Amino acid sequence: MNIAKLFSRKHDCPVKVIDPRRCARRLVRFSTTVAAKSGLADGVVTNISETGCDLRLVTSSFPRQSLSLKLRSQEALALTIYPYDGTAAFQITLAVIRWVRRKWAGVEFVKLSQEAKEKLQQLCRRQVILAVTG
């Protein structure tokens, strides 16, 4: 979340400016396989929403292609996401890279099956319960 401090002259109190995303993102660490025109690679999804995710490339699935997959803005991808919580893997049929920083990319989900959409909604809406012991 992008927070900036702004001060009003009357009250001189900080105001939070929230990142204007369409959907709230959930912090996760899911394995993923990325398929692009230039090859295949393994990656990690570090946060996810119903409309996109942050993606980091980790290694290539095939040693000969380890340097061939480079993330480029506006490139089309297919993603298979493997949640760690027992939810079955699901595929994003078409995703588009919206920004790139080194091996990190912001990805927007463009096309996915109804089943994948439902799994994604369940993952994103699931609340994390914290237990406090004293």
Side-chain angles (χ1 to χ4, degrees):
M1 178 170 23
N2 184 11
I3 299 175
K5 287 188 176 182
L6 302 174
F7 297 94
S8 69
R9 293 182 181 179
K10 291 181 181 178
H11 303 290
D12 199 32
C13 52
V15 176
K16 291 182 183 181
V17 177
I18 299 173
D19 190 354
R21 297 183 191 266
R22 286 181 276 164
C23 298
R25 294 217 170 184
R26 178 177 174 218
L27 292 176
V28 296
R29 187 165 176 85
F30 297 155
S31 297
T32 187
T33 302
V34 181
K37 284 184 180 180
S38 58
L40 296 173
D42 293 327
V44 175
V45 171
T46 56
N47 69 53
I48 197 165
S49 75
E50 293 179 27
T51 59
C53 68
D54 279 356
L55 170 70
R56 181 175 188 275
L57 291 185
V58 178
T59 60
S60 174
S61 300
F62 302 99
R64 291 184 185 168
Q65 295 180 342
S66 61
L67 299 176
S68 67
L69 182 57
K70 297 200 186 307
L71 301 176
R72 292 179 178 83
S73 187
Q74 302 303 315
E75 184 174 5
L77 306 172
L79 302 173
T80 303
I81 299 175
Y82 306 94
Y84 58 81
D85 63 355
T87 303
F90 60 94
Q91 186 169 20
I92 307 298
T93 310
L94 178 62
V96 176
I97 298 175
R98 294 300 179 200
W99 58 262
V100 177
R101 288 188 201 109
R102 295 185 188 171
K103 290 189 176 188
W104 291 91
V107 177
E108 179 183 0
F109 303 147
V110 177
K111 185 177 179 183
L112 57 158
S113 70
Q114 185 61 35
E115 181 183 353
K117 191 174 193 172
E118 290 170 4
K119 286 181 183 180
L120 188 57
Q121 287 172 344
Q122 289 172 358
L123 283 172
C124 293
R125 291 179 182 167
R126 191 171 298 153
Q127 294 182 359
V128 178
I129 299 171
L130 300 175
V132 179
T133 58

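All values reported here derive from a predicted model rather than from experimental measurement. This chain uses plain numbering: 1 for the first residue, then up along the sequence.
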Can you see which heavy atom on Cys124 is nearest to which on Ser49, and at what distance?
SG-C, 3.3 Å
Minimum heavy-atom separation for Leu79 to Phe109, with atom names?
CD1-CE2, 4.0 Å
Considering residues at least two apart in sequence or located in another chain, which fulfil the side-chain hydrogen bond (donor to acceptor under 3.5 Å, both in side chains) criterion with Arg98?
Gln74, Glu108
For the residue pair Lys119 and Ala89, what are the closest heavy atoms and their distance?
NZ-O, 3.5 Å
Has Gln121 got more than 12 heavy atoms of other residues, nucleotides or ligands less than 6.0 Å from its CD?
yes
Enter the distance from Ser31:OG to Ile81:CD1 here, rounded to the nearest 0.5 Å.
10.5 Å
In this structure, CG of Asp42 is separated from CZ of Arg56 (nearest 0.5 Å) by 12.5 Å
Give me each pair satisfying ring-ring contact (aromatic ring centres under 6.0 Å, His included) with a member in residues 39-58, each pair once, sequence neighbours excluded.
none
Measure across Leu112 and Ala116 and return the closest heavy-atom pair with its distance rounded to 0.1 Å.
CD1-C, 3.8 Å
If I take atom NZ from residue Lys117 and atom CD from residue Glu50, how far apart are they, to the nearest 0.5 angstrom?
8.5 Å
For Ser73 versus Val100, what's the shortest heavy-atom pair and its separation?
N-CG2, 3.8 Å
Restricting to side-chain hydrogen bond (donor to acceptor under 3.5 Å, both in side chains), what partner residues turn up for Glu118, sequence neighbours left out?
Gln114
Minimum-distance pair of heavy atoms, taken over all atoms of Ala95 and Val107:
CB-CG1, 3.4 Å
Using 0.5 Å steps for rounding, measure from the OG atom of Ser38 to the CD atom of Glu75.
5.0 Å
What is the distance from atom NZ of Lys111 to atom CD of Gln91, rounded to the nearest 0.5 Å?
11.0 Å
Leu77 and its side-chain contact (heavy atoms from CB on, under 4.5 Å) partner, picked from Leu55, Val96, Thr32
Leu55
Residue pairs passing the ring-ring contact (aromatic ring centres under 6.0 Å, His included) test with at least one member in residues 28-57, sequence neighbours excluded, are Phe30-Tyr84
Is there a side-chain contact between Val44 and Arg29 (heavy atoms, below 4.5 Å)?
yes
Ala76: what forms a side-chain contact (heavy atoms from CB on, under 4.5 Å) with it, not counting sequence neighbours?
Leu94
Using ring-ring contact (aromatic ring centres under 6.0 Å, His included) as the criterion, list what pairs up with Phe90, not counting sequence neighbours.
none
